[in-house]
Number of protein chains: 2
Amino acid sequence: MENNEGMLLLFSGPSGVGKDTVLELIFEKNKNLQRSISLTTREQRQNEIDGVDYHFVSKDTFMKLVDEKKVLEFAEYGQNYYGTPKGPVDKWLSEGKVVILKIEVQGAQKIRQIYPDAISIFLMPPSMEELESRIRNRGTEDEKGIRERLNIAHQEIKRCVDYDYIVVNEDSNKACDDVLDIIKVLNFTYKRMNNYISEVIKNV
Amino acid sequence: MENNEGMLLLFSGPSGVGKDTVLELIFEKNKNLQRSISLTTREQRQNEIDGVDYHFVSKDTFMKLVDEKKVLEFAEYGQNYYGTPKGPVDKWLSEGKVVILKIEVQGAQKIRQIYPDAISIFLMPPSMEELESRIRNRGTEDEKGIRERLNIAHQEIKRCVDYDYIVVNEDSNKACDDVLDIIKVLNFTYKRMNNYISEVIKNV
């Protein structure tokens with residue numbers, strides 16, 4: 001089924017909901033999916049691999065790429081920049097691949113303007129209490145930081161109305177299967193089936 | 001998740017593709033789905049049950065229902081009328097149910113005008129050769145009838161572009177599971193999740 005159009009999948013959810021765990025399971029279970037790797041100016045951590053976890057670049061390089069319109073969207077967190085490189089996404093889409101992009105709510109809005117056909121999935125906590133306990137259990141934030149994160153999470157969850165699909169992350173494996181089912185079903189759309197259909201019709 | 005909006009699912013496909021077999025499996029595997037039962041003026045066959053296979057009515061009653069705008073769409077085949085009653089569909093949708101309507105391509109167009117949110121699935125033969133052999137194996141048609149059916153099938157298949165999803169019926173069980181996956185995934189849309197989301201957000 002080559003030459004079918006590719007598909008861009010935006011994957012969002014509040015901090016602490018478990019996006020990374022679910023994404024890891026997804027890429028483990030379906031090797032055909034293409035993961036978009038972000039650019040960042042923050043320092044590489046010891047367990048991280050350049051080109052796998054992130055593309056680690058200097059601030060100068062980052063800004064040069066932004067100026068050259070090679071970055072789809074970017075944002076600043078804690079004095080570091082994070083962005084989505086445009087080139088690989090366009091290449092994969094032209095090859096008919098399913099590209100998954102982990103992105104926060106505001107970045108997703110920008111991407112939708114550039115790729116109106118992008119499909120978006122919002123990963124939802126089973127409850128705010130559960131989200132709070134997940135953030136607390138990480139132990140990386142003080143009380144003020146936790147309050148701040150929950151406040152942002154609340155604002156983000158309200159934007160789930162902009163998303164095509166909402167998957168509840170009660171259990172990572174179930175959430176992973178739900179996302180894979182969404183991708184499976186998206187393959188039944190005309191856009192992804194047109195080669196098959198042309199084949200059926202031409203033999204008449 | 002009561003009070004969520006219902007969902008109307010239009011199910012089409014060319015004559016001979018195996019719609020009835022797939023639908024039977026679907027309703028067997030998921031007892032929550034609501035099957036819309038058509039009105040017909042044709043005679044009841046011995047193995048058919050009124051109110052299960054069809055609502056069998058006289059031509060007078062049928063035309064009265066049409067005049068009273070109680071029929072969503074209707075068509076004539078072999079001097080008999082077939083139509084979709086409006087009342088039950090509206091009732092089920094208001095109850096938040098998933099209603100499945102077997103309907104031919106032109107009827108589906110009419111229904112979409114009345115229910116723009118209806119989701120439509122087109123059941124596709126794996127090939128025209130396979131469709132021809134399925135029609136021949138039925139043994140209900142002479143050569144002219146077979147040619148006519150194939151000609152109509154070809155026209156209908158071209159309209160699959162109007163459908164949200166296209167499922168290939170290579171194997172009835174697989175096609176049934178594909179349709180059930182589509183329904184599962186449609187339940188992840190905001191429209192069907194809004195009660196859940198309100199519940200999560202209100203507790204902040």
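A, B, ... follow the sequence lines: proteins, then strands. Residue 1 opens every chain.
In the displayed structure, B:E143 atom CD is contacted under 6.0 Å by more than 12 heavy atoms of other residues, nucleotides or ligands. Atom CD of A:Q79 has 12 or fewer heavy atoms from other residues, nucleotides or ligands within 6.0 Å. Remark: B:E43 CD is loosely packed, at most 12 non-hydrogen atoms of other residues, nucleotides or ligands lying under 6.0 Å away. The environment of CD in A:Q106 is sparse: at most 12 heavy-atom neighbours from other residues, nucleotides or ligands sit within 6.0 Å. Environment of NZ in B:K70: sparse, with no more than 12 heavy atoms of neighbouring residues, nucleotides or ligands closer than 6.0 Å.
Between A:K191 atom NZ and B:I166 atom CD1 the span is 13.0 Å, to the nearest 0.5 Å. To the nearest 0.5 Å, atom CG of residue B:L180 and atom CG of residue A:D181 are 11.0 Å apart. To the nearest 0.5 Å, the span separating OH on B:Y165 from CG on A:L186 amounts to 6.5 Å.
Both the backbone and the side chain of B:D178 come within contact range of chain A, judged by heavy atoms closer than 4.5 Å. Proximity to chain A is limited to the backbone of B:D164, based on heavy atoms less than 4.5 angstrom apart.
Most heavy-atom pairs under 4.5 Å with chain B: of the set A:V161, A:L131, A:T189, this distinction falls to A:V161. With chain B as the partner, the residue from A:I157, A:I197, A:V167 showing the most heavy-atom pairs under 4.5 Å is A:I197.
Minimum heavy-atom separation, A:V200 to B:P126: CG2-O, 3.7 Å.
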Requested in this report: Go through the steps to decide whether B:V168 and A:M193 satisfy the test side-chain contact (heavy atoms from CB on, under 4.5 Å), and finish with yes or no.
Outcome: CA-CA 10 Å; B:V168 179; A:M193 290 285 285; 3.6 Å; yes
